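Before any comments, here is the structure.
In this text, all values refer to a predicted model and were calculated from it rather than measured experimentally. Keep in mind that the numbers below use all heavy atoms, side chains included, and drop hydrogens, waters and symmetry copies.
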Amino acid sequence: MGSVSLKVGDGTARFHRATLCSSAVNILMIFSVITTNLFALYAFTASPKHPHHSLLHHNAHKNISLISEQVSLILREIDLSQKKLAQMEKELLGYESIDLSRPNIASELKLFLQRHQLPLGKDSRTGITEMVPSVGHTCEKNSDLLSQFMNYKVFGACPDDWSVAQKLILKGCEPLPRRRCFAKTVSKVGLYPFPDSLWKPVGNKTVNWSGLNCKNFECLNGKKLSRECVGCFDLVHGNENVRFVKAKSKNDFLVDDVLALGGGGVRIGLDIGGGSGSFAARMADRNVTVVTSTLNVEAPFSEFIAARGLFPLYLSLDHRFPFYDNVFDLVHASSGLDVGGKSEKLEFFMFDIDRVLRAGGLFWLDNFFCANEEKKQVLTRLIERFGYKKLKWVVGEKVDSVGSGKPEVVLSAVLQKPVRA
């Protein structure tokens with residue numbers, strides 16, 4: 001029905017989309033033009049039969065002038081309405097062009113967003129002659145913060161500002177632009193070889209603590225950071241060393257039981273919001289490769305997961321998964337599935353999970369907290385619309401250790417994606 005055309009390199013954006021409103025405006029405009037022409041044709045071709053034809057002819061000209069004025073007024077109103085509709089549609093789409101002429105825009109950001117010709121000319125396979133780097137469409141709303149991120153010494157050391165980058169990501173400004181500076185290096189002292197690294201304590205000197213309230217893992221282990229991370233950095237004395245291999249309630253599924261449901265076909269997986277990476281570690285023990293999506297909210301999750309010899313994927317849950325369709329055998333998610341907002345946001349999220357999961361693959365929903373009956377019903381109806389086969393489905397209660405501290409309804413399920421024609 002329509003299309004959206006963006007041109008980011010020179011800071012402009014164009015939108016062309018056929019909507020119900022714009023179609024009605026176009027029909028009205030065409031009707032007005034046709035009506036005007038018919039009136040004019042009739043006035044000039046009609047044979048006067050009245051003796052006072054001169055007077056009638058004069059009145060006809062006068063009427064045509066009035067009609068022309070009215071049509072001109074209508075056309076001006078149509079033009080104004082079209083501009084207002086275009087602006088409304090632009091605002092609804094959430095895209096605002098970045099004005100690169102503003103004085104507070106960093107020169108590096110201007111340079112990054114320019115079009116760059118391919119060094120070897122036109123690509124014979126794709127026909128592309130130039131690359132157009134991009135940034136997230138909501139970056140315009142945070143252009144001052146984005147310009148701060150891009151204000152650095154070229155070929156020098158990058159500012160120690162990972163917290164600025166993460167703040168931009170959490171505000172929806174992703175992907176971030178690339179930078180021409182050297183990131184701060186951290187001497188990785190005390191790393192263990194794989195697979196010993198999976199369950200060995202991670203040293204305090206292996207991560208960058210700048211921008212964080214805690215400056216060591218002992219401090220973090222005393223905090224309840226999220227439902228998936230209560231003492232999750234303690235790999236020796238905490239709950240992490242028994243997670244997924246020992247059940248505390250009927251909603252705690254065991255790794256081996258879930259893998260058995262996959263019939264030996266689980267090789268690679270995605271863990272959404274996987275805390276300190278213990279799910280990926282359990283899977284690595286069983287020769288299954290799992291990518292863990294994470295952010296460093298109040299703790300160095302990414303560096304901790306990497307120190308365990310696992311793969312951290314640094315992105316927010318609002319970002320489209322950077323994976324091709326139908327590639328994962330297993331997708332694991334818990335409270336990270338609670339993206340908040342309207343039900344449509346959860347639908348977009350679920351469709352992206354479905355996109356990267358292969359047919360016959362498993363979706364493991366692990367102890368999802370249902371704040372109320374309505375939320376549980378919304379999620380249940382959404383899952384049913386996808387037509388997944390329910391291999392395991394358990395509704396129970398669990399104490400919310402981060403929120404109210406009271407028992408709340410939780411849903412755990414293992415679902416199998418169907419083969420669709």
Side-chain angles (χ1 to χ4, degrees), residues 174-175 191-200 228-229 232 235 240 243-245 252-295 301-337 339 348-368 383 386-392 412-420:
E174 59 180 338
L191 293 178
Y192 294 94
F194 190 86
D196 294 340
S197 59
L198 292 174
W199 299 103
K200 290 286 187 180
E228 286 71 47
C229 187
C232 68
L235 302 182
E240 295 300 292
R243 286 188 71 188
F244 309 111
V245 293
D252 294 333
F253 300 159
L254 306 183
V255 165
D256 292 329
D257 294 341
V258 174
L259 289 177
L261 295 174
V266 178
R267 303 151 302 159
I268 57 173
L270 171 64
D271 187 17
I272 300 173
S276 61
S278 291
F279 177 78
R282 287 295 176 204
M283 286 297 185
D285 286 335
R286 289 152 179 81
N287 297 318
V288 177
T289 301
V290 170
V291 177
T292 304
S293 71
T294 184
L295 283 173
F301 288 101
S302 295
E303 291 169 288
F304 188 86
I305 292 171
R308 298 178 74 174
L310 302 169
F311 192 146
L313 182 65
Y314 190 72
L315 84 167
S316 73
L317 297 183
D318 291 325
H319 195 292
R320 186 179 190 267
F321 295 128
F323 303 111
Y324 194 66
D325 304 350
N326 307 294
V327 293
F328 288 111
D329 305 311
L330 171 72
V331 175
H332 175 265
S334 50
S335 295
L337 193 67
V339 293
F348 277 108
F349 190 31
M350 281 294 299
F351 269 100
D352 209 27
I353 291 175
D354 180 83
R355 179 184 64 82
V356 299
L357 183 64
R358 69 167 174 82
L362 304 180
F363 174 44
W364 180 353
L365 184 59
D366 187 7
N367 283 284
F368 177 79
I383 290 175
F386 281 83
Y388 282 33
K389 182 179 180 181
K390 297 179 181 178
L391 303 181
K392 293 176 74 71
S412 292
V414 178
L415 311 167
Q416 188 173 40
K417 180 179 175 178
V419 177
R420 303 190 184 102

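- Across Phe328 and Leu357, no two heavy atoms sit closer than the pair O-CD1, 3.4 Å.
- A donor-acceptor pair is defined here as one N or O able to donate and one able to accept, closer than 3.5 Å; such a pair exists between the side chain of Asp329 and the backbone of Ile268.
- Asp271 contributes no side-chain N or O that, together with a main-chain N or O of Val290, makes up a donor-acceptor pair within less than 3.5 Å.
- Arg243 contributes no side-chain N or O that, together with a main-chain N or O of Cys232, makes up a donor-acceptor pair within less than 3.5 Å.
- The closest side-chain heavy-atom distance from Met283 to Leu310 is not below 4.5 Å.
- Nearest approach of Phe301 to Gly275, heavy atoms of both residues: CD2-O, 3.3 Å.
- Ionic pairing of Arg420 and Asp354 is present here: one or more N-O contacts between side-chain nitrogen and carboxylate oxygen are shorter than 4.0 angstrom.
- Using modelled atom types, one side-chain atom of Arg355 and one backbone atom of Phe323 make a donor-acceptor pair closer than 3.5 Å.
- Note that OH of Tyr314 and CD of Glu174 are 9.5 Å apart. Values are rounded to the nearest 0.5 Å.
- Minimum interatomic distance between Leu365 and Ser334 (heavy atoms only, all atoms of both residues): CD1-O, 4.3 Å.
- Using the six-membered ring where Trp is involved, Phe351 and Phe386 have ring planes that are tilted, between 30° and 60° apart.
- With a 4.5 Å cut-off on side-chain heavy atoms, Ser412 and Asp252 do not count as touching.
- Nearest approach of Val258 to Val414, heavy atoms of both residues: CG2-CG2, 4.0 Å.
- If you take NZ on Lys390 and CD1 on Ile383, they are separated by 7.5 Å, rounding to the nearest 0.5 Å.
- Atoms NZ and CG, on Lys389 and Leu261 in that order, are 10.0 Å from each other to the nearest 0.5 Å.
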| field | Asp366/Phe279 under side-chain contact (heavy atoms from CB on, under 4.5 Å): CA gap, chis, key distance, verdict | value | CA-CA 11 Å; Asp366 187 7; Phe279 177 78; 5.9 Å; no
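- Taking both residues in full, the closest heavy atoms of Gly277 and Arg308 are given as C-NH1, 3.7 Å, listed atom of the first, atom of the second, then distance.
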| query | What's the verdict on side-chain contact (heavy atoms from CB on, under 4.5 Å) for Ile353 and Ile272, showing C-alpha distance, side-chain angles and the deciding distance? | reply | CA-CA 10 Å; Ile353 291 175; Ile272 300 173; 3.7 Å; yes
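- Smallest separation of non-hydrogen atoms from Pro418 and Gly387: CG-O, 3.5 Å.
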| Intermediate values then yes/no, side-chain contact (heavy atoms from CB on, under 4.5 Å), Phe311 and Thr289 | CA-CA 9 Å; Phe311 192 146; Thr289 301; 6.0 Å; no
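- How far OG1 of Thr292 is from NE2 of His332: 10.0 Å, rounded to the nearest 0.5 Å.
- In this pair, Trp364 and Phe244 present their aromatic rings perpendicular. The plane angle is above 60°, beyond the 30 to 60° band.
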| request: Step by step, work out the side-chain contact (heavy atoms from CB on, under 4.5 Å) result for Leu191 and Ser197. | output: CA-CA 7 Å; Leu191 293 178; Ser197 59; over 6 Å; no
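- The line from OG1 of Thr294 to CD1 of Ile305 is 4.5 Å long, rounded to the nearest 0.5 Å.
- For the atom pair Leu235 CG and Leu198 CG, the distance stands at 9.5 Å (nearest 0.5 Å).
- Formation of a donor-acceptor pair under 3.5 Å by the Ser293 side chain with backbone atoms of Leu313 is not found in this model.
- With a 6.0 Å radius and a threshold of 12 heavy atoms from other residues, nucleotides or ligands, Phe194 has its CZ atom above the threshold.
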